[in-house]
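One structure is given here, and the rest of the page talks about it.
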Amino acid sequence: MTEQRVRSNKTRISSPVKIGPYDRTVLDLETYVPYFLSSINNALTRKASDNYLEEFGVGIVAWRTISMLAAEPNIPASRICDFVSLDKAAVSRALTTLNDRELVECDQVSETDPRRKNWRLTSTGYTLHDNILAIALRREEQLIAGVDPEDLEVFLRVMRRMRLNVEKM
């Protein structure tokens, strides 16, 4: 393999790479966007999941499922998977667990395919949602503490654009 050099990138000011050991081009983890997104998400997810499991007996996948069903009741599992970017098996396990705990319920939407169901929260599920939501909003406040509101709106706009770009990759 031939030696690679840091290339200029006209779409950004900082470079996602730098010259590393052995004079090789390597990722600059201080400026490489996917690393930051992943590391922040992993840390947030791990801490939230630990907290929600300890306090409420549900992990992060179950919480994401609950929050999606609160926002959009009576939807199929596939909608949850698509919107929250979770795999079908994880959502299926979460729905089974939540159903066993009577936090969700469903209706069959196809007589020929028993797997097609629309899910919604039960009143107990909504109570759990409201309790976790209060904690989730406090966590968000802590996360964005010290960020200028205008900067936050720019950040959200950029994140929405990146989300759309991911779909095109």
Side-chain angles (χ1 to χ4, degrees), residues 29 31-169:
L29 299 180
T31 59
Y32 182 61
V33 173
Y35 165 79
F36 271 118
L37 294 175
S38 179
S39 65
I40 290 169
N41 181 61
N42 289 344
L44 284 170
T45 299
R46 184 174 44 255
K47 290 180 183 227
S49 192
D50 290 349
N51 186 332
Y52 303 157
L53 273 170
E54 182 179 321
E55 193 160 340
F56 304 106
V58 297
I60 197 68
V61 173
W63 163 239
R64 289 176 179 162
T65 301
I66 289 167
S67 64
M68 186 67 194
L69 290 174
E72 291 185 28
N74 297 310
I75 58 172
S78 61
R79 172 69 178 140
I80 299 167
C81 296
D82 293 342
F83 192 83
V84 188
S85 297
L86 293 169
D87 67 78
K88 285 194 258 184
V91 170
S92 178
R93 285 189 301 273
L95 287 168
T96 298
T97 300
L98 295 170
N99 191 49
D100 290 347
R101 290 183 55 188
E102 299 181 354
L103 298 168
V104 298
E105 56 192 10
C106 65
D107 292 322
Q108 293 286 140
V109 294
S110 171
E111 291 182 21
T112 58
D113 187 354
R115 296 171 298 174
R116 292 200 44 187
K117 301 173 184 174
N118 280 349
W119 294 90
R120 66 185 165 278
L121 294 176
T122 62
S123 60
T124 307
Y126 275 107
T127 299
L128 178 62
H129 168 269
D130 296 348
N131 290 332
I132 297 176
L133 178 61
I135 292 171
L137 292 174
R138 280 195 303 271
R139 288 174 47 81
E140 183 197 46
E141 284 178 24
Q142 293 170 337
L143 180 66
I144 63 173
V147 176
D148 181 272
E150 290 179 13
D151 290 342
L152 181 59
E153 292 308 311
V154 169
F155 171 77
L156 291 171
R157 199 167 48 250
V158 169
M159 295 301 291
R160 286 185 201 103
R161 168 53 56 198
M162 286 184 189
R163 175 74 174 151
L164 291 172
N165 290 345
V166 166
E167 298 303 320
K168 297 175 189 176
M169 294 172 85

Residue pairs involving [range] (criterion side-chain hydrogen bond (donor to acceptor under 3.5 Å, both in side chains); sequence neighbours excluded):
| range | result |
| --- | --- |
| residues 57-66 | T45-R64 |
| residues 128-137 | none |
| residues 148-157 | none |

Between [X] and [Y] (side chain of the first, backbone of the second, donor and acceptor by atom type, cut-off under 3.5 Å), is there such a pair?
| X | Y | answer |
| --- | --- | --- |
| N42 | S38 | yes |
| R120 | A70 | no |
| T127 | S123 | yes |

Return the [atom1] to [atom2] distance between [X] and [Y], rounded to the nearest 0.5 Å.
| X | Y | atom1 | atom2 | answer |
| --- | --- | --- | --- | --- |
| F83 | S78 | CZ | OG | 13.5 Å |
| Y35 | I40 | OH | CD1 | 9.0 Å |
| L103 | F56 | CG | CZ | 12.0 Å |

Check this for me: [X], atom [atom1], are more than 12 non-hydrogen atoms of other residues, nucleotides or ligands nearer than 6.0 Å?
| X | atom1 | value |
| --- | --- | --- |
| F36 | CZ | yes |
| E102 | CD | no |
| E167 | CD | yes |

Would you list the atom pairs, donor with acceptor, under 3.5 Å between side chains in residues 135-145 and any protein atom, with sequence neighbours excluded?
from, atom 1, to, atom 2, distance (Å)
R139, NH2, L44, O, 3.0

(message) Between D50 and E54, is the side chain to side chain contact (heavy atoms under 4.5 Å, CB included) condition met? List the steps.
(response) CA-CA 6 Å; D50 290 349; E54 182 179 321; over 6 Å; no
Do [X] and [Y] come close enough that some side-chain heavy atom pair is under 4.5 Å?
| X | Y | value |
| --- | --- | --- |
| L121 | L128 | no |
| I75 | M68 | yes |
| M159 | L37 | yes |
| P34 | Y32 | yes |
| W119 | N74 | no |
| R101 | T124 | no |
| V158 | M162 | yes |
| I60 | L53 | no |

Please report the shortest heavy-atom distance between [X] and [Y], naming the atom on each side.
| X | Y | answer |
| --- | --- | --- |
| G59 | S49 | CA-OG, 3.7 Å |
| A62 | A94 | CA-CB, 4.1 Å |
| V104 | N99 | O-OD1, 3.1 Å |

(request) Name all pairs fulfilling the salt bridge (charged side-chain N to carboxylate O under 4.0 Å, His left out) condition that reach into residues 73-97, sequence neighbours left out, sorted by first residue then second. (result)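 Residue pairs with at least one partner in residues 73-97: E72-R79.
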(request) Using the ring pair (Phe, Tyr, Trp, His ring centres under 6.0 Å) rule, collect all pairs that involve residues 134-169, keeping only residues at least two apart or in two chains. (result)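 Output for this query is empty, none listed.
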